[in-house]
> 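Starting off with a structure, shown below.
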Amino acid sequence: MNISSARQYFYQEVQQPDEQIDLARTALYIAQEEYPDLDPEEYLNAFDTMAAELEERLPVERYPLRVIQNINKYLYTDLGFTGNKQEYYDPRNSFLNDVIDRRLGIPISLALVYIEIARRVDFPMVGIGMPGHFLIRPDLSDIEIFVDAFNDGEILFPQDCQEKLTQIYQHPVTLQPEFLAAVTNKQILARMLTNLKYIYLNQKELEKALAAVERILLLFPGFALEVRDRGLLCYQLGRFSQAATDLETYLTQTPEAQDAYIIRRLLTQLGRN
């Protein structure tokens with residue numbers, strides 16, 4: 001499997017209506033650019049096996065809290081999944097194959113494991129894009145229970161989420177309703193890719209950062225900040241024609257942007273006035 005094939009499979013998957021996107025499969029296509037020999041079916045089968053084992057442990061009366069407690073015991077006690085607090089910014093925490101193999105991940109990748117297993121035992125869960133920390137909750141309209149997949153499946157209620165926000169930002173933060181709103185499959189994938197983007201930027205791996213941006217733009221074409229970042233990365237990589245096109249597009253989309261002056265100076269250097 002070469003990178004262009006993995007990218008094509010990713011593109012084909014995300015062209016579907018959001019609810020039809022196979023989240024695990026698409027996340028594995030993200031990983032396939034890093035691991036060309038990766039076989040997505042191997043890991044999808046691993047999810048099926050885990051779900052079958054969990055199914056045998058679930059109680060007859062499937063009350064939501066009891067199901068969550070059983071999933072937690074299976075994932076965190078029996079299988080040993082845990083949040084990678086020591087090496088949080090290791091890119092392997094964002095590749096689904098590595099998360100399954102190593103039993104280590106960050107909030108969003110462990111949430112994806114949880115979502116996939118729960119879905120297979122007919123207990124659908126949705127992602128919650130709370131600022132600073134990704135959560136999940138049962139897809140039930142009348143229950144306000146949240147699960148922190150990064151912290152051994154800790155069960156949270158809205159007040160707990162308020163306290164967690166305050167801990168994250170180290171000052172009081174008012175919990176807004178939109179903080180606990182469900183996110184789409186595309187938003188989950190974009191958040192995973194955004195994590196990789198910033199990891200690779202910090203590591204000065206510009207080609208890999210660019211690959212993350214390119215896939216975010218396959219999810220959300222024309223997203224101005226990502227168009228800008230693609231242009232800036234192309235500029236740093238010496239791809240000046242693409243850089244100029246993207247930076248011009250960014251200014252057209254956001255002429256009053258705070259960084260417009262800087263972008264115009266770059267375009268002048270590129271011979272575009």
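Here, residue 1 is the first one in the sequence, and each next residue gets the next number. Given the structure is predicted, the values throughout are model-derived calculations rather than measurements.
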> Consider side-chain contact (heavy atoms from CB on, under 4.5 Å). Of Leu140, Asp139, Val147, which one does Met125 pass it with?
Val147
> What are the two closest non-hydrogen atoms of Pro131 and Tyr169, and how far apart are they?
CB-OH, 3.4 Å
> From Leu180 CG over to Gln162 CD, what is the distance, rounded to the nearest 0.5 angstrom?
9.5 Å
> If you round to the nearest 0.5 Å, how far is OG1 of Thr82 from CG of Leu110?
7.5 Å
> Output yes when a side-chain donor or acceptor of Arg265 lies under 3.5 Å from a complementary backbone atom of Tyr261, and no otherwise.
no
> Looking at the rings of Tyr235 and Phe240, which for Trp means the six-membered one, are their centres under 6.0 Å apart?
yes
> Taking all atoms of both residues into account, what is the closest heavy-atom pair of Leu79 and Arg103, and its distance?
O-NE, 3.1 Å
> Has the side chain of Gln32 got a donor or acceptor atom that lies under 3.5 Å from a matching backbone atom of Leu38?
yes
> Determine, using the 4.5 Å side-chain heavy-atom cutoff (strictly less than), whether Leu135 and Ile155 are members of one ILVMFWY cluster.
no
> Looking at every non-hydrogen atom in both residues, tell me the closest pair between Gly231 and Ala243 and how far apart they are.
O-CB, 3.3 Å
> Any link between Leu210 and Val227 through a network of hydrophobic side chains (Ile, Leu, Val, Met, Phe, Trp, Tyr) touching at under 4.5 Å?
yes
> Within a 6.0 Å radius of atom CD on Gln170, are there more than 12 heavy atoms belonging to other residues, nucleotides or ligands?
no
> Taking the side chain as every heavy atom from C-beta outward, state whether Arg120 and Glu116 have any atom pair closer than 4.5 Å.
yes
> If I compare all heavy atoms of Ala209 with all of Tyr200, which pair ends up nearest, and what's the gap?
N-CB, 3.7 Å
> So that I can tick it off, tell me whether Arg62 and Asp122 are bridged by a salt bridge, with the cut-off set at under 4.0 angstrom between side-chain N and carboxylate O.
no
> I need the Ile117 CD1 to Glu53 CD distance, nearest 0.5 Å.
9.5 Å
> With a 4.5 Å cut-off on side-chain heavy-atom distances among I, L, V, M, F, W and Y, is there a chain of contacts connecting Ile128 to Phe123?
no
> Let me see the working for Asp98 and Tyr35 under side chain to side chain donor-acceptor pair (under 3.5 Å), right down to the final yes or no.
CA-CA 10 Å; Asp98 279 325; Tyr35 301 104; 2.5 Å; yes
> Before you tell me yes or no, could you show the steps for Lys186 and Glu13 under salt bridge (charged side-chain N to carboxylate O under 4.0 Å, His left out), namely the whole-Å CA-CA distance, both residues' side-chain angles and the distance that decides it to 0.1 Å?
CA-CA 10 Å; Lys186 284 187 177 182; Glu13 189 67 38; over 6 Å; no
> Is Glu34 salt-bridged to Arg92, cutoff N-O under 4.0 Å?
no
> Do Phe10 and Leu193 come within less than 4.5 Å of each other through their side chains, counting heavy atoms only?
yes
> Any non-hydrogen side-chain atom of Tyr74 less than 4.5 Å from a side-chain atom of Val121?
no
> Got a second to check how far Asp246's CG is from Arg228's CZ, nearest 0.5 Å?
11.5 Å
> Of all residues at least two apart in sequence or in a different chain, which pass the side-chain contact (heavy atoms from CB on, under 4.5 Å) check with Asn84?
Gln86, Glu87, Asn93, Arg102, Leu104
> Inspect the surroundings of CD in Gln258 and state if more than 12 heavy atoms from other residues, nucleotides or ligands are less than 6.0 Å away.
no
> Which pair of heavy atoms, one from Asp152 and one from Phe81, lies closest together, and at what distance?
OD1-O, 4.1 Å
> Can you find a heavy atom in the side chain of Tyr43 that is under 4.5 Å from one in the side chain of Asp101?
yes
> So, does Arg230 use its side chain to make a donor-acceptor pair with the main chain of Val213 at under 3.5 Å?
no
> Between Tyr88 and Phe150, is the ring centre distance below 6.0 Å?
yes
> For the atom pair CG (Leu175) and CD (Glu163), what is the distance rounded to the nearest 0.5 Å?
11.0 Å
> Is there a donor-acceptor contact under 3.5 Å from the side chain of Gln253 to the main chain of Gly222?
yes
> Are Leu23 and Val126 grouped together when hydrophobic residues (ILVMFWY) are joined by side-chain heavy atoms under 4.5 angstrom apart?
no
> Side-chain contact test, heavy atoms from C-beta onward, threshold under 4.5 Å: evaluate it for Ile263 versus Leu232 and give yes or no.
yes
> With the 4.5 Å side-chain cut-off for hydrophobic clustering, are Phe157 and Phe134 part of the same group?
yes
> Tell me whether Asn70 contacts the main-chain N or O of Val67 through its side chain, where contact means a donor paired with an acceptor under 3.5 Å.
no
> Looking at CD of Gln242 and CG of Leu233, how far apart are the two atoms once the value is rounded to the nearest 0.5 Å?
11.0 Å
> Tell me if a side-chain donor or acceptor on Asp18 pairs with a main-chain N or O of Thr184 at a distance below 3.5 Å.
no
> Locate the shortest heavy-atom distance separating Pro138 from Ile68; write the atom from each residue and the value.
CG-CD1, 3.9 Å
> Less than 4.5 Å apart, side chain to side chain, heavy atoms only: is that true for Met130 and Leu156?
no
> Side-chain contact test, heavy atoms from C-beta onward, threshold under 4.5 Å: evaluate it for Val173 versus Ile168 and give yes or no.
no
> Report the C-alpha distance between Lys197 and Asp229 in whole Å, list the side-chain angles of each, state the deciding distance to 0.1 Å, and finish with yes or no for salt bridge (charged side-chain N to carboxylate O under 4.0 Å, His left out).
CA-CA 10 Å; Lys197 168 187 169 182; Asp229 287 354; 2.5 Å; yes
> Kindly indicate, with the supporting measurements, whether the criterion salt bridge (charged side-chain N to carboxylate O under 4.0 Å, His left out) is fulfilled by Glu207 and Arg239.
CA-CA 11 Å; Glu207 288 281 4; Arg239 299 172 193 173; 2.5 Å; yes
> For Thr254 and Leu225: C-alpha separation, side-chain torsions, deciding distance, then whether side-chain contact (heavy atoms from CB on, under 4.5 Å) applies.
CA-CA 9 Å; Thr254 57; Leu225 290 178; over 6 Å; no
> Would you call the rings of Tyr76 and Tyr114 parallel, tilted or perpendicular if under 30° counts as parallel and over 60° as perpendicular?
tilted
